[in-house]
Structure formats: C-alpha cells, structure tokens
**Q** 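What follows is a single structure, and I will ask about it in a moment.
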Amino acid sequence: EVQLVESGGGLVQPGGSLRLSCAASGFTFTYYDMSWARQAPGKGLEWVSGISRSGADTSYADSVKGRFTISRDNAENMLYLQMNMTKPDDTAVYYCVRGRISPTQALDRRVGYWGQGTQVTVSS
C-alpha cells in the first residue's frame, strides 16, 4: 500500500533549523510530484511547498519562501523539507503529500495520499 512516513519534527528555537523527511513506499516515487502541507493549531491546512518529479522545479508559499527548501532523493524515495530561520508561526503538524496540491483550494487529508504528519514546534 501507499505509505508516506514523515519524521524529523520536534522542538526548535525561533531562528533555528530543522529538516523534515518523508519516506515514500508502495508506489513509483519518480512518477509523482510531491508536496508539503501543514496545519497550525486551530487553523486549516495550508500548502507549503511542491516539487516536480525530477526535483528541477520547486514552489513555495509566500510565508516560507526564502526560508524553507524542498528537495527529493529519487534514488531513495525520500522527500525533504529543510526549514531555516524558523518562526513561531511555523508551529504546525507537517504533512508529506503525494502529487500536486493547489494553494487556492481547500485541502482534505481524506483525499489522496497523505502521511500521518510530524509535529514541529517553534518556541523559545
């Protein structure tokens, strides 16, 4: 079955860095664009970043642009999100998602394939 398993979350101080990982299995990883989304406490799901199948093209929400970097290692079926210069507003559960997700549409974890999420807390 399709599995997306996030890891790397935890507590980080504002301004600090964290790297999230997503291990993909159960499908041909290279056939799919991949995305990261997040859900902050009391808020809805928010698209964070996306990456093309080859990794050549990336996109970011304005809120994270210049601070986060999405990447993938197709040889190891891994997706990453490097988080630098973190802010308290980055506190959220972060999800790895198969395929592209639209920042203009409502997100639903019941649709498509999502990981279980990993908690990131940015706090001093």
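Owing to the predicted nature of the structure, the values given are computational and were not obtained by experimental measurement.
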**Q** Taking only residues two or more places apart in sequence or in another chain, which ones pass salt bridge (Lys or Arg N to Asp or Glu O under 4.0 Å) with R38?
**A**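 Counting only residues at least two positions away or on another chain, R38 forms a salt bridge (Lys or Arg N to Asp or Glu O under 4.0 Å) with E46, D90.
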**Q** Compare every heavy atom of S59 with every heavy atom of S49, then report the nearest pair and how far apart it is.
**A** OG-O, 2.8 Å
**Q** For a quick test of reading the model, state the closest non-hydrogen atom pair linking Y95 to W114 and the distance between them.
**A**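 Y95 and W114 have their closest heavy atoms at CB-CE3, 3.6 Å.
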**Q** Which value, rounded to the nearest 0.5 Å, describes the distance between Q82 atom CD and T69 atom OG1?
**A** 6.5 Å
**Q** Rounded to the nearest 0.5 Å, what's the gap from CZ on R72 to CG on L79? Could you check?
**A**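 With rounding to 0.5 Å, CZ (R72) is 7.0 Å from CG (L79).
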**Q** Donor-acceptor pair, distance only, cut-off 3.5 Å: does the side chain of S35 make one with the backbone of G99?
**A**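 Side chain of S35 to backbone of G99: a pair is present.
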**Q** Should Y80 and V97 be regarded as members of a common hydrophobic cluster, given that ILVMFWY residues are connected when their side-chain heavy atoms come within less than 4.5 Å of each other, either directly or indirectly?
**A**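 No, no single cluster joins them.
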**Q** Starting from W36, can I reach Y113 by hopping between I/L/V/M/F/W/Y residues whose side chains sit under 4.5 Å apart?
**A** yes
**Q** Report, one line per pair, each donor and acceptor closer than 3.5 Å where one atom sits in a side chain of residues 19-34; sequence neighbours left out.
**A**
| unit_1 | atom_1 | unit_2 | atom_2 | d |
| --- | --- | --- | --- | --- |
| D33 | OD1 | R53 | N | 3.0 |
| D33 | OD2 | R100 | NE | 2.4 |
| D33 | OD2 | R100 | NH2 | 3.4 |

**Q** Run the numbers on L11 and Q119 for side-chain contact (heavy atoms from CB on, under 4.5 Å), then give the verdict.
**A** CA-CA 8 Å; L11 178 65; Q119 176 70 51; over 6 Å; no
**Q** Which distance, rounded to the nearest 0.5 Å, do you find between the OG1 of T118 and the CG of L18?
**A**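 So the OG1 of T118 and the CG of L18 are separated by 8.0 Å.
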**Q** Determine the minimum heavy-atom distance between M83 and F68, stating which atoms define it.
**A** CE-CZ, 3.5 Å
**Q** Between K87 and D89, does any NZ, NE, NH1 or NH2 come within less than 4.0 Å of an OD or OE carboxylate oxygen?
**A** no
**Q** Give a yes or no on whether L4 and L107 share a hydrophobic cluster (residues Ile, Leu, Val, Met, Phe, Trp, Tyr; joining criterion: side-chain heavy atoms under 4.5 Å apart).
**A** no
**Q** Closest heavy-atom contact between S123 and P14?
**A** C-CD, 3.5 Å
**Q** Looking at OG of S63 and CH2 of W47, how far apart are the two atoms once the value is rounded to the nearest 0.5 Å?
**A**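 The distance works out to 9.0 Å.
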**Q** Decide whether L45 and L81 are clustered together by the hydrophobic rule: side chain heavy atoms of Ile, Leu, Val, Met, Phe, Trp, Tyr closer than 4.5 Å, transitively.
**A** no
**Q** Measure from the side-chain N and O atoms of T86 to the backbone N and O of S17, and report whether any donor-acceptor pair falls under 3.5 Å.
**A**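 Side chain of T86 to backbone of S17: no pair is present.
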**Q** Examine I51 and V64 and state if one hydrophobic cluster contains both, with Ile, Leu, Val, Met, Phe, Trp and Tyr joined whenever side-chain heavy atoms are less than 4.5 Å apart.
**A** yes
**Q** Let me confirm one number: the CD-CD distance from Q116 to E6, rounded to the nearest 0.5 Å.
**A** 4.5 Å
**Q** Checking Y94 now: which residues fulfil ring pair (Phe, Tyr, Trp, His ring centres under 6.0 Å) with it, not counting sequence neighbours?
**A**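 Listed in chain order: nothing, the list is empty.
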